[in-house]
Amino acid sequence: MANNHQKLELTWIGKDNQPKLEPRILIEDPEKSYRDKNSENMLIYGDNLLALKALEQDFAGEIKCACIDPPYNTGNAFEHYDDGLEHSIWLSLMKPRIEIIHKLLRDDGTLWIFIDDDECHYLKVLCDEIFGRKNFVNNVIWEKKFSPQNDAKWLSDSHDHILVYAKNKDIWRPNLLPRSEDMDSRYSNPDNDPRGSWTSSDLTAQDPFEYGVYEIVGPTGKVFSPGNNRHWVYGKEKMEELIAGKRIWFGALGNNKPRFKRFLSEVQEGIVSKTIWYRTEVGDNQEAKREIKAFNDNDVFATPKPERLIQRILTLATNPGDWVLDSFLGSGTTAAVAHKMGRRWIGIELGDHCHTHCLQRLKKVVDGTDQGGISKAVNWQGGGGFKYYYLAPSLLKKDKHGNWIIDERYNADMLAAAMAKHEGFRYCPDEQIYWKQGRSTEKDYIFITTQFVTVQFLDKIHEEMKPDESLLICCKSFQETAKIVTLVLP
C-alpha cells in the first residue's frame, strides 16, 4: 500500500545528524572596530554556522538580502577554503546554514547563492525543501570568464549559477535596473518633436484581431496594409487618433510604412533584469582579481566576485538602509559594495583572510581610499564604519576531573548575556533595577547571578516586582527552602 505521507526531498548520508547548536554571544573587539562607533555594520570572525546561530535571536526576520558564495565542492585545492568536501558532507554543511538564513530573512527578503555545475542542481533541490519550491525565483547565469580554456578536457567552463530564492515569492518584487546610456542613445528626435527623443516600433502583429485589418492612407496619399496574415495592433478609430496626435511615423518623406513613436519620457525609469548576466555588464573573475590586488597584492583570493556583480544583486534585491548578510564573506566584496551603496551589512568569515583581506579592505572603503570597483560609479567618498566581533567560547567545558564547569574566560557580563541567550531572552540590563538583566516580553525578565540565593534575597526581589511581572532567576547555588519560594513568584 502506498505511503500517502511521502514527500519529494533530497536525501544523503548524515542528513538527519545535525548537531544541536549552542547560541553563542558575540564579543566586540574595539581595537579592530573602525571609525563610526554608532555603526550597526558587523564584521564577525568565527565559524559561520555558530555566528548565524548567534544572530538568530536579534535578526530573525530582519535581513532583506542574503548573498553567499559558499565553497563549490569542486575537488580542486583552494588555499582559503576546504573546497573538496565529500558530497554528503558538503550538503550537511549547507543545510543548517541555509535553514538559519531562511529564518533571518524578512518576508520580502531573498537569498542569492553562487554555485557551479558540481553542486548546483543538488543545492536547488535542497533549497526547494527549505524555502518551498514555489519560492524559487530564477537561476541566473553569470559569465565569469572571457577566454576559453584550451586545456579543458571536455567543455570550457565559462559561467557560474546564481540561485535566487524568495522568503515569500508572492510578495517579493525585484527593483528595476537603471537604464544605461547605450539604451538611451537609441532614442533620437529627427522631426524635432516637442515631446523629445523617441524611437519607433512595429505596428503589426500576427495574433487574430479582426478589427485590425484595414488600410491606412499616409501623408503623401500612399496606401498601406498590414501585410499577409498580419493586422494593425490598433483598431481603425484608435489609429486615426494616433495619426492626428502625431504618434505615427511615416518616415522623413512620409512614404514609409507607419510605425509607432515611443518617447523616452514615457519609458519606465528602469528595466527588468534578464537571467543571463554578461561580463561586459557585471564584470568577471579577472576584474575581481584586479580589484583585490588594489588592497592586497601579495595574496590574491582564488575565487573573488567583481563589485559590479554584487552591485547588480543589491540593486535588484535591496534599498538604502536594508540589511545585507554574507556568511561566506571571502575577500569582503559583499560588505564593501553594501557599504558603498548605503546598505547596512553583516559579514562572517572564519579564515585568516578575515584580517588579511576583509578587515583591510573595509577600512579602505570607510576611509574613501578604495576608489576601485563601483566607487566612481556611485561617487563613493568614504564614511561610516563597522564593528568587529568574535564568537565567545562555549559556555561550559570539562575540568580535569571530567566535571562540567563554566569557562573561566566568561566574566559576569558575558555570563549574563550568554544565559539570557540560552533561555531565549534579550540581554538588555536595566540602568536602575539590577535584577532586570534581560527580557523576552515587556513584562517577562531574567536575572543571572553567581551569588548564593537565599529566601530573603528572593523575598526582596519579590517585593520590588509588579503584580503582572514575571522573573526567571539563574544561579549557581541556592538555599534549599528557596525551591518552594520560587514556585510562588509571579
Side-chain angles (χ1 to χ4, degrees), residues 2-19 21 48-49 52-53 55-56 59-74 83 85-142 144 157 159-174 272-277 305 309-310 312-314 316-318 324-328 334 348:
N3 184 354
N4 295 327
H5 298 290
Q6 286 183 328
K7 63 179 181 178
L8 181 66
E9 64 176 320
L10 180 65
T11 61
W12 64 87
I13 298 171
K15 177 181 180 181
D16 297 323
N17 299 330
Q18 298 293 337
L21 298 175
N48 61 7
L49 181 56
L52 286 169
K53 185 66 178 177
L55 293 170
E56 186 176 3
F59 285 92
E62 295 293 327
I63 303 299
K64 184 63 183 297
C65 174
C67 179
I68 63 174
D69 184 14
Y72 287 1
N73 202 18
T74 61
D83 194 13
L85 298 172
E86 194 272 330
H87 181 65
S88 293
I89 298 175
W90 187 86
L91 289 168
S92 294
L93 176 146
M94 294 303 301
K95 181 176 182 290
R97 288 161 173 80
I98 295 175
E99 286 174 336
I100 297 179
I101 288 174
H102 181 265
K103 294 177 183 177
L104 295 176
L105 287 175
R106 287 169 32 168
D107 287 341
D108 60 347
T110 50
L111 169 62
W112 303 66
I113 312 177
F114 291 93
I115 198 69
D116 70 357
D117 290 328
D118 289 292
E119 295 289 358
C120 175
H121 306 88
Y122 293 95
L123 182 60
K124 183 188 182 301
V125 177
L126 173 60
C127 289
D128 283 347
E129 184 178 331
I130 296 171
F131 278 77
R133 190 173 178 181
K134 66 183 180 66
N135 289 315
F136 172 67
V137 177
N138 277 116
N139 175 19
V140 173
I141 301 300
W142 167 49
K144 64 180 180 180
D157 176 27
H159 75 277
D160 273 349
H161 304 267
I162 308 175
L163 297 180
V164 187
Y165 279 84
K167 180 78 171 280
N168 185 342
K169 190 177 174 181
D170 291 336
I171 64 174
W172 180 73
R173 294 294 181 272
V272 175
S273 174
K274 294 191 279 188
T275 56
I276 298 180
W277 295 357
K305 300 299 180 286
L309 177 61
I310 304 301
R312 173 164 291 191
I313 291 174
L314 299 190
L316 292 170
T318 67
V324 175
L325 167 69
D326 187 345
S327 54
F328 294 88
T334 300
I348 305 170

- request: Could you grab the distance from atom NZ of K53 to atom CG of L104, nearest 0.5 Å is fine?
  value: 10.0 Å
statement: Heavy atoms of D69 and F114 approach each other most closely as OD1-CB, 3.5 Å
W12 side-chain N/O to W90 backbone N/O, donor-acceptor pair under 3.5 Å: no
task: Please report the shortest heavy-atom distance between K167 and N135, naming the atom on each side.
output: O-ND2, 3.5 Å
task: Find out whether L123 and I98 are in side-chain contact, i.e. whether some heavy atom of one side chain is under 4.5 Å from a heavy atom of the other.
output: yes
- prompt: In terms of side-chain geometry, is the basic nitrogen of K103 or E99 positioned less than 4.0 Å from the acidic oxygen of its partner?
  reply: no
Donor-acceptor pair, side chain of Q18 and main chain of K15, under 3.5 angstrom: yes
message: Treating N138 as the side-chain partner and V140 as the backbone partner, does any N or O pair qualify as donor plus acceptor under 3.5 Å?
response: no
statement: One should read off an interatomic distance between L325 CG and I348 CD1, to the nearest 0.5 angstrom, of 5.5 Å
Closest non-hydrogen atom pair, A66 against L105: N-CD2, 4.0 Å
query: Within a reach of under 6.0 Å around CD1 of I13, are more than 12 heavy atoms found that belong to other residues, nucleotides or ligands?
result: no
- prompt: Once you round to the nearest 0.5 Å, how far does NZ of K134 lie from CG of D170?
  reply: 5.5 Å
- prompt: If we only count heavy atoms from C-beta on, is the M94 to L126 side-chain gap below 4.5 Å?
  reply: yes
task: Please determine which of F131, Y165, W172 meets the ring pair (Phe, Tyr, Trp, His ring centres under 6.0 Å) test together with F136.
output: Y165
query: What are the two closest heavy atoms between L52 and S327, and how far apart are they?
result: CD2-CB, 4.0 Å
field: L309 vs I162 side-chain heavy atoms within contact, under 4.5 Å
entry: yes
field: Pairing residues for D108 by the side chain to side chain contact (heavy atoms under 4.5 Å, CB included) criterion, not counting sequence neighbours
entry: K64, R106, I171
- prompt: Minimum heavy-atom separation for C67 to I310, with atom names?
  reply: SG-CD1, 4.0 Å
- prompt: If every non-hydrogen atom of C65 is compared with every non-hydrogen atom of L314, which pair is closest and at what distance?
  reply: SG-CD2, 4.0 Å
query: About how many Å separate CD1 of I101 and CD1 of I113, when rounded to the nearest 0.5 Å?
result: 7.0 Å
message: Determine whether V164 and T275 satisfy the following criterion, side-chain contact (heavy atoms from CB on, under 4.5 Å), listing intermediate values before the conclusion.
response: CA-CA 10 Å; V164 187; T275 56; over 6 Å; no
- prompt: What's the verdict on side-chain contact (heavy atoms from CB on, under 4.5 Å) for H87 and E119, showing C-alpha distance, side-chain angles and the deciding distance?
  reply: CA-CA 8 Å; H87 181 65; E119 295 289 358; 2.8 Å; yes
- prompt: Is there a donor-acceptor pair under 3.5 Å between the side chain of D160 and the backbone N or O of D116?
  reply: no
query: Nearest 0.5 Å, what's the CG-CD1 distance between L10 and I130?
result: 10.0 Å
task: Could you walk me through whether I68 and N48 pass side-chain contact (heavy atoms from CB on, under 4.5 Å), step by step?
output: CA-CA 11 Å; I68 63 174; N48 61 7; over 6 Å; no
field: Nearest-0.5 Å distance that lies between atom CZ in R97 and atom CG in L49
entry: 4.5 Å
query: Does the side-chain contact (heavy atoms from CB on, under 4.5 Å) test come out yes or no for N17 and S92, once each step is laid out?
result: CA-CA 8 Å; N17 299 330; S92 294; over 6 Å; no
query: Does T110 have any side chain to side chain donor-acceptor pair (under 3.5 Å) partners at least two apart in sequence or in another chain, and if so, which?
result: W112
